[in-house]
2 protein chains.
Amino acid sequence: MGIHERKEREREQRREVILNAAQKVFFEKGLQSATMDEIAEEAELSKGTLYLYYKGKEDLYLAVMIRGIETLYDLFKEVIGKNDGIIMTIQKLSAVYIRFFREHGNLFRMFHYYQTPQFHKQVSEEILQLCNEANQRIWKMVVDLLRKGVDEGVLRSDLNPEENAVILWSSASAILMRMDTRREEFKQMLNVDLENVLRKSNALLLESMMTESSRKQFQSALFDHQPS
Amino acid sequence: MGIHERKEREREQRREVILNAAQKVFFEKGLQSATMDEIAEEAELSKGTLYLYYKGKEDLYLAVMIRGIETLYDLFKEVIGKNDGIIMTIQKLSAVYIRFFREHGNLFRMFHYYQTPQFHKQVSEEILQLCNEANQRIWKMVVDLLRKGVDEGVLRSDLNPEENAVILWSSASAILMRMDTRREEFKQMLNVDLENVLRKSNALLLESMMTESSRKQFQSALFDHQPS
DNA sequence: CAATTTGATGACTACCGGTCAGTTACTACG
DNA sequence: CGTAGTAACTGACCGGTAGTCATCAAATTG
């Protein structure tokens with residue numbers, strides 16, 4: 001009796017149709033201005049049906065975001081899988097994150113929006129849990145890389161990988177976010193190009209996390225080289 | 001004929017009454033859940049009147065935020081005014097920012113929310129302009145401090161003060177924000193205490209911005225000392 | 001083929017941001 | 001004063017939206 005399996009499959013497909021529709025509308029309008037009616041129309045379903053698959057608008061938004069985290073996860077995984085050496089890999093991750101921001105700005109913005117406490121309150125426990133798990137996977141991957149850096153003697157052993165991961169990631173995210181909303185403002189106000197600032201910030205932090213010996217090895221490469 | 005002046009004064013007072021009411025309600029409910037009716041009731045005015053003084057809910061929200069920027073500005077100004085030496089002052093600014101986050105978390109959250117592009121679109125040009133000006137003042141103050149650091153030979157002259165300001169501030173803001181929403185999550189997931197991470201991140205960045213000579217002078221103080 | 005379960009629907013409700021015609025309070029002036 | 005004119009204020013109302021639920025339709029079962 002494969003009926004159950006088929007129904008399960010159909011249910012998954014519906015969820016995906018809805019998710020795609022939601023993504024499209026959210027990207028075009030943003031969370032506030034997007035309406036459930038619009039999403040329903042885009043999905044060629046009635047509004048009521050959406051609520052059979054997702055708890056509400058915010059849950060749907062988070063569900064789209066989770067797919068985004070997974071996209072980024074795949075990109076990161078690919079880079080790390082190449083085994084290019086720790087320092088090079090970190091620089092590539094940073095470049096990939098910037099590219100992700102450029103090519104999937106809408107998803108990146110979601111990551112940022114997700115940080116607001118107000119948003120957290122409007123979302124169901126279940127989806128929040130899923131989100132945490134997706135987050136965890138990607139963080140762990142980065143932490144593991146940094147730990148390997150310590151083990152190999154490339155990164156200072158007196159700084160712990162978990163903390164370094166948070167530091168590197170946070171500073172990159174914050175500058176990218178500013179770039180998204182206020183690049184021009186900063187150009188005019190302080191005459192700085194935020195993309196440049198981001199590169200310098202990464203270089204500064206990475207350099208200060210490296211051991212004396214590896215610093216010598218990579219010296220000039222840090223500031224000048226731009227991995228694709 | 002002082003009538004005009006009196007009216008002007010009364011208008012200012014009304015604006016302030018509304019602003020205080022809005023602040024109270026926004027702090028309790030957040031932007032989304034706060035309603036204009038509630039704010040009107042808190043201000044003991046009718047809803048229509050609010051719109052005689054502010055263009056809309058989002059403008060009102062930004063107006064509250066601008067006062068927050070000014071509060072932070074005053075705190076920063078006080079610290080800088082003490083002329084304690086550049087490095088010490090930077091550390092104190094960082095401490096003040098953390099204290100601001102603790103004591104005025106709601107205002108801090110507004111700064112973060114302000115970054116979302118969706119929000120930018122819902123706000124009037126005028127208030128955005130005011131916001132830029134308030135922002136500008138505080139940024140310039142920090143940049144001037146860092147520039148003085150370069151002039152005095154405490155900070156590296158090959159890094160420019162504007163960029164350094166953005167780097168320091170962004171990384172601090174990002175970590176504080178994470179702390180606000182997801183401190184527990186990070187404690188469990190990576191076993192890191194974000195407040196500690198913030199201190200390390202500041203120390204790391206500051207150290208890497210310092211000249212060789214001043215680094216020697218301050219060595220251990222960077223990591224251990226916690227200015228009040 | 002009838003009974004039952006599952007899934008989908010869209011009219012409906014409650015609520016909210018913003019408006020505006022009407023009211024009130026204040027000022028100017030004869 | 002009293003009245004015309006102005007400025008400030010009000011709250012009923014409107015359009016729009018998230019979320020619900022009684023009803024219907026299709027699929028499944030026995």
Side-chain angles (χ1 to χ4, degrees), chain A residues 1-19 21-22 25-26 28-64 113 118-119 121-127, chain B residues 1-19 21-22 25-26 28-64 113 118-119 121-127:
Chain A
M1 212 178 276
I3 288 179
H4 190 67
E5 284 77 359
R6 196 202 70 214
K7 288 232 168 163
E8 193 60 43
R9 217 164 46 236
E10 280 176 357
R11 194 174 158 79
E12 270 323 301
Q13 283 167 5
R14 273 261 186 288
R15 277 183 75 90
E16 189 135 326
V17 167
I18 293 174
L19 213 53
V25 177
F26 282 138
E28 279 167 10
K29 308 284 181 85
L31 175 60
Q32 320 295 335
S33 308
T35 72
M36 290 302 269
D37 283 302
E38 239 175 323
I39 295 172
E41 181 161 358
E42 181 68 36
E44 294 176 305
L45 289 166
S46 76
K47 181 159 63 158
T49 306
L50 302 190
Y51 288 89
L52 296 176
Y53 291 87
Y54 293 93
K55 289 242 172 82
K57 193 163 108 157
E58 282 75 18
D59 266 40
L60 205 37
Y61 191 78
L62 252 195
V64 173
Y113 193 71
Q118 307 182 9
F119 182 68
K121 282 179 205 149
Q122 289 173 325
V123 138
S124 76
E125 273 306 319
E126 293 91 316
I127 200 93
Chain B
M1 211 178 278
I3 288 178
H4 190 65
E5 284 77 359
R6 198 202 69 213
K7 289 234 168 166
E8 193 60 42
R9 217 164 46 237
E10 280 176 357
R11 193 175 159 79
E12 270 323 301
Q13 283 167 6
R14 272 263 185 288
R15 276 182 76 91
E16 190 135 325
V17 166
I18 294 174
L19 213 52
V25 177
F26 282 139
E28 279 167 11
K29 308 284 183 85
L31 174 60
Q32 320 296 335
S33 308
T35 71
M36 290 302 269
D37 284 299
E38 242 174 319
I39 294 172
E41 181 161 359
E42 182 68 36
E44 295 176 305
L45 289 166
S46 77
K47 182 158 63 159
T49 306
L50 302 190
Y51 289 90
L52 296 175
Y53 291 87
Y54 293 93
K55 289 243 173 83
K57 192 161 105 154
E58 281 75 17
D59 267 39
L60 204 37
Y61 191 78
L62 252 195
V64 172
Y113 194 71
Q118 307 184 10
F119 182 69
K121 282 178 204 148
Q122 288 172 325
V123 138
S124 76
E125 273 306 319
E126 293 92 317
I127 200 92

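Numbered from 1 within each chain, the chains take letters A, B, ... in sequence-line order.
- Across all strands shown, B:Y53 has heavy atoms under 4.0 Å from sugar-phosphate atoms exclusively, and none from any base.
- C:dG7 atom P lies 21 Å from atom CD of A:E44, rounded to whole Å.
- Checked against ring pair (Phe, Tyr, Trp, His ring centres under 6.0 Å), A:F26 has the following partners two or more places apart in sequence or in another chain: A:Y61.
- At whole-Å resolution of the value, NZ in A:K7 and P in C:dT5 are 13 Å apart.
- Phosphate proximity of D:dC9 to B:R14: present, with a side-chain N or O under 4.0 Å from OP1 or OP2.
- Using a 4.5 Å heavy-atom threshold, the side chains of B:K55 and B:E126 count as touching.
- Between A:R6 and the phosphate of C:dT6, there is no side-chain N or O to OP1/OP2 separation shorter than 4.0 Å.
- Nearest heavy atom pair, residue B:I18 against residue B:A43, reads CA-CB, 4.3 Å.
- In this structure, B:R14 fails the cation-pi test against B:Y53, since its NZ or CZ atom is not both closer than 6.0 Å to the six-membered ring centre and inside 45 degrees of the ring normal.
- Closest heavy-atom contact between B:V123 and B:L62: CG1-CD1, 3.6 Å.
- As judged by a 4.0 angstrom heavy-atom cut-off over every strand, B:R11 is placed among residues making no nucleic acid contact.
- When heavy atoms are screened at a 4.0 angstrom cut-off, A:L45 is found touching the sugar-phosphate backbone but no base atom.
- Using a 4.5 Å heavy-atom cutoff, the side chains of B:I39 and B:L45 are not in contact.
- Remark: C1' of C:dT24 and CG of B:L52 are 14 Å apart, rounded to the nearest angstrom.
- Rounded to whole angstrom, the span from the CG atom of A:L50 across to the C1' atom of C:dG10 amounts to 12 Å.
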Only distances under 3.5 Å count here; give the side-chain donor-acceptor pairs of residues 29-38 of chain B to other protein atoms, sequence neighbours excluded, each with its distance to 0.1 Å.
unit_1	atom_1	unit_2	atom_2	d
B:K29	NZ	B:E38	OE2	2.3
B:Q32	NE2	B:Y113	OH	2.7
B:T35	OG1	B:E38	N	3.0
B:T35	OG1	B:E38	OE1	3.4
B:E38	OE1	B:T35	N	3.3

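- Between B:Q13 atom CD and D:dC9 atom P there is a gap of 12 Å when expressed in whole angstrom units.
- Taking atom OH of residue B:Y54 and atom P of nucleotide D:dA8, one finds them 15 Å apart after rounding to whole Å.
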**Fill in**
Protein heavy-atom contacts under 4.0 Å, written 5' to 3' over nucleotides 12-20 of chain C as B (base), S (sugar-phosphate only) or - (none), form the string ----SBBB-
